[in-house]
Amino acid sequence: MKNFNSKVYEVTKKIPRGKVSTYGLIACLAENCRAPRAVGNALNKNFSPDIPCHRVIRSNGSIGGYRGNLLKKIRKLKSEGVIIKNNRIDLKKFGWPS
DNA sequence: CTAATGACCATTA
DNA sequence: ATAATGGCCATTA
């Protein structure tokens, strides 16, 4: 892969520890602001250990999904200092970019 | 080539 | 507050 996916991976890797980003935002930073689906799709199919896809959540603050195990995603986020409340994350505080 | 799929988003009811 | 609808995009079959 060379275009969209790579870009998505790059951006996702840039997410600092302890922060989270959204699919839509990644789409914007990658190429197209209107391809949040493609972002999720790419992450789903190209699930790589080098990519902190657990830091990617939905725009409304909900956790979203995870291919392996959603619980693991939540646990990792909590481990990084992200506060998850009622399956929601405060994007105002942990959203990236700020 | 076309059709179907999905870890989505914003709007509307 | 939740539920349903339409639209948008890249990838895969």
Side-chain angles (χ1 to χ4, degrees):
Chain A
M1 309 293 183
K2 271 181 177 59
N3 292 325
F4 191 78
N5 290 19
S6 299
K7 209 79 190 215
V8 170
Y9 300 149
E10 277 187 52
V11 176
T12 305
K13 280 191 218 165
K14 285 178 195 159
I15 302 176
R17 183 176 172 280
K19 296 240 176 182
V20 297
S21 186
T22 68
Y23 298 97
L25 226 34
I26 296 228
C28 276
L29 295 175
E31 293 231 355
N32 303 323
C33 285
R34 354 219 128 102
R37 284 180 139 174
V39 172
N41 221 342
L43 290 175
N44 178 22
K45 283 167 179 141
N46 291 292
F47 186 86
S48 299
D50 297 329
I51 303 170
C53 34
H54 58 273
R55 297 184 189 147
V56 184
I57 64 172
R58 286 177 101 181
S59 283
N60 66 336
S62 63
I63 308 299
Y66 203 60
R67 197 170 180 246
N69 193 356
L70 191 58
L71 176 65
K72 193 161 186 186
K73 179 175 184 179
I74 295 173
R75 195 159 79 181
K76 275 192 178 194
L77 286 170
K78 283 183 106 184
S79 268
E80 294 184 354
V82 178
I83 298 172
I84 300 175
K85 189 176 195 176
N86 195 0
N87 287 327
R88 288 274 179 94
I89 296 178
D90 194 342
L91 280 172
K92 209 152 191 320
K93 274 182 147 304
F94 300 103
W96 179 87
S98 304

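So that the names make sense, note that chain A is the first sequence line, chain B the second, and so on, each numbered from 1. Values below: every heavy atom of this structure, side chains too, minus hydrogens, waters and symmetry copies.
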A:Tyr9 has an atom OH; how far is it from atom C1' of C:dA10, in whole Å?
11 Å
A:Asn32 side chain near C:dA10 phosphate (N/O to OP1/OP2, under 4.0 Å):
yes
Can you tell me which residue pairs pass the ring-ring contact (aromatic ring centres under 6.0 Å, His included) test with a partner in residues 10-45 of chain A, sequence neighbours excluded?
none
Runs of at least three consecutive Watson-Crick or G-U pairs, both distances under 3.5 Å, are what I'm after; which ones involve DNA chain C?
B:2-6 with C:9-13, B:8-13 with C:2-7
Test: ring-ring contact (aromatic ring centres under 6.0 Å, His included). Region: residues 31-62 of chain A. Which pairs qualify, not counting sequence neighbours?
A:Phe47-A:Tyr66
Stretch residues 90-98 of chain A: residues that reach within less than 4.0 Å of DNA chain B through a heavy atom:
none
Can you list every pair that meets disulfide (SG to SG under 2.5 Å) and has a residue in residues 29-98 of chain A, with sequence neighbours left out?
A:Cys28-A:Cys33
Partners meeting side chain to side chain donor-acceptor pair (under 3.5 Å) with A:Asn87 (sequence neighbours left out):
none
Only counting residues at least two apart or in another chain, list the ones meeting side chain to side chain contact (heavy atoms under 4.5 Å, CB included) with A:Ala38.
A:Phe4, A:Ala35
Output every pair passing salt bridge (Lys or Arg N to Asp or Glu O under 4.0 Å) with a member in residues 76-98 of chain A, not counting sequence neighbours, ordered by first then second residue.
A:Arg55-A:Glu80
Generate the contact string for nucleotides 6-13 of chain B. Rules: B means base contact, S means sugar-phosphate contact only, - means no protein heavy atom under 4.0 Å.
BBBSS---
Could you give all pairs that pass the salt bridge (Lys or Arg N to Asp or Glu O under 4.0 Å) test and reach residues 8-31 of chain A, with sequence neighbours left out?
none
Salt bridge (Lys or Arg N to Asp or Glu O under 4.0 Å) contacts in which one or both residues fall within residues 36-51 of chain A, not counting sequence neighbours:
none
Check the distance between C:dT2's C1' and A:Arg88's CZ and give it to me in whole angstrom.
11 Å
pair A:Ser21-A:Thr12: side-chain heavy atoms closer than 4.5 Å
no
Write down the distance between CD (A:Glu31) and P (C:dA10), rounded to a whole number of angstrom.
8 Å
Got a sec, which pairs hit ring-ring contact (aromatic ring centres under 6.0 Å, His included) with one end in residues 78-98 of chain A, sequence neighbours left out?
none
